[in-house]
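The figures that follow rest on heavy atoms only: side chains count, while hydrogens, waters and symmetry mates do not.
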2 protein chains.
Amino acid sequence: MLKRSISFLRSLNLMRLREGIQATRPTSSQLHHMISERKRREKLNESFHTLKSLLPPGTKKDKASVLTTAREYLTSLRAQVAELSKRNQQLEARLPPAAKEAYNEEAAGSSNERVSVTLTQVVSESTPDQDQQIFDLQVVLRSVECCTEDMVIRILEFLKQVNNVSLMSLEANTWMSGSDSNVNRVILRLRVDQGTEWDEAAFQEAVRRVVADLALNNCRNQ
Amino acid sequence: MLKRSISFLRSLNLMRLREGIQATRPTSSQLHHMISERKRREKLNESFHTLKSLLPPGTKKDKASVLTTAREYLTSLRAQVAELSKRNQQLEARLPPAAKEAYNEEAAGSSNERVSVTLTQVVSESTPDQDQQIFDLQVVLRSVECCTEDMVIRILEFLKQVNNVSLMSLEANTWMSGSDSNVNRVILRLRVDQGTEWDEAAFQEAVRRVVADLALNNCRNQ
DNA sequence: TAGAACACGTGAACC
DNA sequence: TGGTTCACGTGTTCT
């Protein structure tokens with residue numbers, strides 16, 4: 001009903017312009033002017049609509065409301081960005097202790113391996129005990145489905161079977177990486193009684209097989 | 001130079017309206033209408049200017065340019081917020097919740113209970129999401145026989161049954177305390193989807209029962 | 001000179 | 001019934 005009246009008005013003015021030929025008026029340029037102004041208005045309204053579509057959905061369709069809420073929303077976003085980057089900086093400053101390894105892993109994402117296992121001996125200057133050694137075992141698993149719970153459970157149950165290692169401490173994290181895959185990282189500090197035989201490479205390979213098997217099974221189930 | 005012509009136009013039209021008295025026209029309401037429209041335009045232009053002042057300083061003063069660059073700037077800010085909060089979440093997940101050692105000692109030392117479970121909500125100012133909350137669950141178990149592996153496994157398997165909580169990070173330690181008993185401490189950072197019902201006390205009690213049951217069984221077995 | 005941008009007053013529609 | 005918002009055509013200035 002609104003569109004119809006607008007079209008009516010337009011045709012009416014067009015008629016008037018065509019009648020102007022009798023009145024010997026330079027309507028040729030006036031018509032261009034009219035059309036240009038019309039185009040300009042359409043373009044402006046278009047921008048108004050697209051801008052409104054980006055604002056929080058409860059916004060009024062008023063032009064004034066669009067402008068003011070755009071202003072408010074913009075300042076709000078700015079404040080969010082400032083606060084987030086500040087918080088981010090704080091977090092990154094506090095991070096160094098253990099996260100560099102994971103950071104390296106993330107940066108080394110060029111490797112397409114879904115599971116990586118590294119085993120490094122901890123040289124503890126405080127207790128240079130000869131009959132037992134301490135190792136840090138880090139397991140990183142990239143997977144869509146595997147949850148950290150299953151991963152930790154599997155590793156711990158495997159560890160219980162190995163009778164000359166005991167768990168000192170354990171740290172596990174999970175976070176999103178890229179589009180949809182998430183990264184599970186587990187770091188275990190192990191005390192190894194050196195009395196019996198201890199094959200470092202074999203142990204590491206066994207852990208790798210356990211985790212890879214878990215990933216395969218989970219992918220199969222879902 | 002522009003202002004002068006505008007003022008001239010205004011006075012001219014005012015004169016025309018006053019002449020309308022002779023023509024017996026109801027110009028009383030027309031004048032109000034005119035003034036209202038004028039006010040509306042001023043207000044709108046004001047909003048345009050204030051909006052432009054918030055945009056990057058190189059912006060054209062065109063109304064169309066203001067609208068389009070506002071749109072672009074807004075989407076850019078949105079993307080920044082999304083990326084920052086994502087990065088922030090990664091950092092927070094990787095940050096061990098170990099800043100409460102003193103708090104742990106206090107909670108563990110005051111009570112003679114062999115198992116203590118504390119659940120504290122993490123107020124994250126960076127991601128104030130309403131539909132999900134973050135909790136730190138700390139479980140401390142004094143026992144002679146129970147190894148940390150069993151404790152972690154039991155807690156994680158219980159957690160898998162609760163379907164609206166997911167594990168963000170996990171930290172476990174064990175150390176000697178006093179003569180022969182050792183202390184196992186597990187701290188879990190949990191994300192709780194607030195959609196369903198969430199009884200904090202019930203959850204805490206359930207965890208306590210699970211761990212206490214584990215301790216009893218292990219003592220019986222050994 | 002052509003074209004873009006703006007402010008203006010006015011009629012109409014919606015509450 | 002007024003109050004508010006909108007689209008329209010037009011005149012003017014700047015490039």
Distance-only polar pair, side chains of Arg191(B) and Ser166(B), donor-acceptor under 3.5 Å: yes
Phosphate contact (dC6(C) OP1 or OP2) by Arg40(A) side-chain N/O below 4.0 Å: yes
Spacing of Leu44(B) atom CG relative to dC8(C) atom P, expressed in whole Å: 12 Å
Distance test, side-chain N/O of Asn45(B) to OP1/OP2 of dA7(C), below 4.0 Å: yes
Rounded interatomic separation in angstrom, taking CE from Met34(A) and C1' from dA4(C): 17 Å
Glu46(A) CD to dA7(D) C1', straight-line distance once rounded to whole Å: 16 Å
Within 6.0 angstrom of Glu46(A) CD, more than 12 heavy atoms from elsewhere: no
Any Arg38(B) side-chain nitrogen or oxygen under 4.0 Å from OP1 or OP2 of dA7(C): no
Arg41(A) side-chain N/O to dG9(D) phosphate OP1/OP2 under 4.0 Å: yes
5′-ward residue of the pair Glu37(B)/Ser36(A) relative to DNA chain C: Ser36(A)
Set of residues satisfying salt bridge (charged side-chain N to carboxylate O under 4.0 Å, His left out) with respect to Arg154(A), sequence neighbours excluded: Asp213(A)
Distance, rounded to the nearest Å, where His33(A) contributes NE2 and dT13(D) contributes C1': 11 Å
For atom NZ of Lys39(A) and atom C1' of dT10(D), their distance in whole Å: 20 Å
Length of the line joining Ile35(A):CD1 and dA4(C):C1', which is rounded to integer Å: 15 Å
Any side-chain heavy-atom pair of Leu188(A) and Asp136(A) under 4.5 Å: no
Interface residues of residues 61-69 of chain A with DNA chain D (non-hydrogen, below 4.0 angstrom): Lys61(A), Asp62(A), Lys63(A)
Nucleotide dG11(D), atom C1' - distance to CD of Gln30(A) in whole Å: 9 Å
Pair Lys160(B) + Glu157(B), salt bridge at N-O below 4.0 Å: no
Carboxylate-amine/guanidinium proximity below 4.0 Å for Lys86(A) and Glu83(A): no
His32(B) NE2 to dT1(D) P, straight-line distance once rounded to whole Å: 15 Å
Sub-4.5 Å side-chain heavy-atom contact between Gln138(A) and Val117(A): no
